[in-house]
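This chain uses plain numbering: 1 for the first residue, then up along the sequence. As the structure is a computational prediction, the values presented were derived from the model and not from experiment. Both ligands and their constituent atoms are indexed starting at 1 by order of listing.
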Amino acid sequence: MDNFLKNYKLEGESLAILAYPHRALTSPTSLVTEFNAELAELCKNMLYTMYNAPGIGLAAPQIGISKKLFVLDVDFEREIIELPDDKQRIELSDFNPQIFINPVIETVGSDKFINQEGCLSLPGIFEDVERYEKIKINYQDLNGKHHSLEADDMLAICIQHENDHLNGLVFIDRLSQLKKLFYKKKLSKK
Ligand code: CO
């Protein structure tokens, strides 16, 4: 079922990405229980949507599906190719798509670090967020098979960010009370 991940080709359907404060982004999610062709199709479309956004991660609530599932790729290259007449073409390559179903994160050690984050559901906002440096994630693949992965650096940040979406949290929820209120006020006025 997850064969399309090997020798990945950028194909699928574009899904609409919901913007904060859409209710789907602050709602709880339920476990994925059916590992079928429909789930594979959804993941394929989520990856396609993520790459074209472009973003390095996309969680199911961001497209209005309240299920425990996210996709990511912290490795792909995005190149802007200048064409005549001031036109541009964007070329994506070196794909390394990953799919995490029913993930559970365990922290490994207590070290934290701070990095700038953004989110496809909060366009134009970039803020420093504190995250665990090293994590272990238990998850299922498209066939329902269980896996365990240790992650650090960019992958660890991305996993923690996407996993927050599954708990109805966005990255501004991780900021100081003052900043959080500022953004919440600003975004609900739109
Ligand atoms: Co996000």
request  = Could you give me the CA-CA distance, side-chain angles and deciding distance for Glu133 and Asp152, then say whether side-chain contact (heavy atoms from CB on, under 4.5 Å) is met?
outcome  = CA-CA 6 Å; Glu133 224 171 57; Asp152 57 11; 6.0 Å; no

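The aromatic rings of Tyr51 and Tyr8 sit tilted, their planes meeting at an angle between 30° and 60°.
Protein N/O/S atoms closer than 2.8 Å to the Co ion (ligand 1): Cys119 SG, His161 NE2, His165 NE2.
Counting only N and O atoms by type, the side chains of Glu106 and Asn138 include a donor and acceptor under 3.5 Å apart. A donor and an acceptor atom, one from each side chain of Gln62 and Ser121, are located under 3.5 Å apart. For the residue pair His161/Glu117, the side-chain donor-acceptor check at 3.5 Å is satisfied.
In this structure, Tyr183 has its ring center no closer than 6.0 Å to that of Tyr20.
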